[in-house]
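Okay, so here's the structure we're looking at.
Counting starts at 1 for both ligands and their atoms, following the listed order. Given the structure is predicted, the values throughout are model-derived calculations rather than measurements.
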Amino acid sequence: MAGPGDAHAIADLHADSWQQHYRGAFSDAFLDNDVAGYLLPLWAERLASPAREARTVLAEMDGAVVGLAHTLLGDHPVWGAFLDNLHVAHGLKRQGIGTRLLALTGHEVAGWSPSSGLHLWVLEQNSDARAFYAARGGVCVERAEVTPPGGDATRLNGRPMSLRYAWPDPSKLFSSHL
Ligand SMILES: CC(C)(COP(=O)(O)OP(=O)(O)OC[C@H]1O[C@@H](n2cnc3c(N)ncnc32)[C@H](O)[C@@H]1OP(=O)(O)O)[C@@H](O)C(=O)NCCC(=O)NCCS
């Protein structure tokens, strides 16, 4: 689990991942100039006074943060816990880190409430992440406009779309991957 001292490392990884994978949906101005200034205070606040329902799972390698999964338990009456952020360091993708983070997240959700589902939103353009979620048993259940970071529509490029993926039984995520 992440602590307040991890805010810088997490924000750096998160910003780099957005710059690599969200271009086209998020505006170049936001990604090139403002993303670090947006994410560092967000993570500093999240980790300094974590919500009771928040869980931030980290993957570390040689003392460095190489992956993160941030979830809000009990977020939605139908879909359950909300996986708000899942990112693996660029050079370490497809080595099982995302699978492990998702399994640990499923474990947290099931431990909190065995009847809770898990859901997330992914950019429609993010075909790699969609393939990953489908491979891990996620089902696409909804399509909607992307909610802009911090509620600021100028951070988006037009009106990109996102897809909701759901796991009604998150225990399946860790039964074979922990
Ligand atoms: C999406 C992400 C979290 C997945 O984590 P990962 O560590 O790369 O994934 P894993 O190695 O655990 O699992 C990979 C499996 O997912 C599936 N998969 C992943 N990418 C895929 C692709 N482009 N095409 C097809 N299948 C894919 C495959 O089954 C793959 O297994 P394989 O490599 O043995 O074939 C990671 O790639 C990432 O951080 N991407 C950038 C940020 C991002 O898009 N985050 C999601 C935001 S909603």
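In the vicinity of Ala131, heavy-atom distances shorter than 4.0 Å reach the ligand 1 atoms 21 (C), 22 (C), 24 (N), 25 (C), 26 (N), 27 (C). Ligand 1 places these atoms under 4.0 Å from at least one heavy atom of Ala135: 17 (C), 29 (O). Remark: ligand 1 atoms within the under-4.0 Å shell around heavy atoms of Ser17 are 41 (C), 42 (C). Set against the non-hydrogen atoms of Gly96, the atoms of ligand 1 under 4.0 Å away are 10 (P), 11 (O), 12 (O). Close approach of ligand 1 to Trp121 (heavy-atom distance below 4.0 Å) involves ligand atoms 48 (S).
Side-chain contact check for Thr99 and Arg136: at least one donor-acceptor pair (N or O, by modelled atom type) lies under 3.5 Å.
Within the 4.0 Å heavy-atom criterion, the part of Tyr22 lying near ligand 1 is the side chain and not the backbone. Counting heavy atoms under 4.0 Å from ligand 1, residue Trp18 does not touch it at all. Contacts of Gln20 with ligand 1, taken as heavy-atom pairs under 4.0 Å, are absent altogether.
Ranking the protein heavy atoms by distance from atom 48 (S) of ligand 1 puts Tyr133 OH, 3.2 Å first. Of the protein's non-hydrogen atoms, Asn126 ND2, 2.7 Å is the one closest to atom 44 (O) of ligand 1. From the protein, the heavy atom lying nearest to atom 32 (P) of ligand 1 is Arg94 NH2, 3.7 Å. Closest protein heavy atom to atom 12 (O) of ligand 1: Thr99 OG1, 2.6 Å. When only non-hydrogen protein atoms are considered, atom 15 (C) of ligand 1 lies nearest to Arg136 NH2, 3.8 Å. When only non-hydrogen protein atoms are considered, atom 36 (C) of ligand 1 lies nearest to Lys93 CD, 3.8 Å. In this structure, atom 5 (O) of ligand 1 lies nearest to the protein heavy atom Gly98 CA, 3.4 Å. The protein heavy atom nearest to atom 19 (C) of ligand 1 is Phe132 CB, 3.7 Å.
In this structure, Ile97 and Met61 have side chains that are in contact, with non-hydrogen atoms separated by less than 4.5 Å. Counting only heavy atoms from C-beta outward, the side chains of Leu102 and Trp167 approach each other to under 4.5 Å. Residues Asp84 and Trp121 are not in side-chain contact: their nearest non-hydrogen atoms beyond the backbone lie 4.5 Å or more apart. Annotation: side chain of Leu68 is not in contact with side chain of Leu101 (no heavy-atom distance under 4.5 Å).
When only interatomic distances are considered, the shortest N/O to N/O separation between Arg100 and ligand 1 does not fall below 3.5 Å. Backbone and side-chain nitrogen or oxygen atoms of Val88 are examined, and one is located within less than 3.5 angstrom of a nitrogen or oxygen of ligand 1. On a distance-only criterion, Leu92 and ligand 1 share no N/O pair closer than 3.5 Å. For a threshold of 3.5 Å applied to N or O pairs, the pair formed by Leu120 and ligand 1 contains no separation below that value.
We find that Arg23 and Asp32 are joined by a salt bridge, their nearest charged nitrogen and carboxylate oxygen being less than 4.0 Å apart. Salt-bridge check for Arg46 with Asp6: failed, with every basic side-chain N at 4.0 Å or more from each acidic carboxylate O.
Residues His119 and Phe82 place their aromatic rings such that the two centres sit under 6.0 Å apart. In this structure, Trp43 has its ring center no closer than 6.0 Å to that of His8. A ring-centre distance under 6.0 Å is not found for His14 and His70.
Distance remark: protein heavy atom present below 4.0 angstrom from atom 23 (N) of ligand 1.
Proximity of a side-chain donor or acceptor of Asp75 to a complementary backbone N or O of Ala81 within less than 3.5 Å is not detected. Between the Ser171 side chain and the Ala110 main chain, no donor and acceptor come within less than 3.5 Å of each other.
Looking at Asp128, Leu102, Val122, Leu86, it is Asp128 that brings a heavy atom closest to atom 20 (N) of ligand 1.
Tyr165 does not carry Arg130 over the face of its six-membered ring by the limits of under 6.0 Å from the centre and within 45° of the normal.
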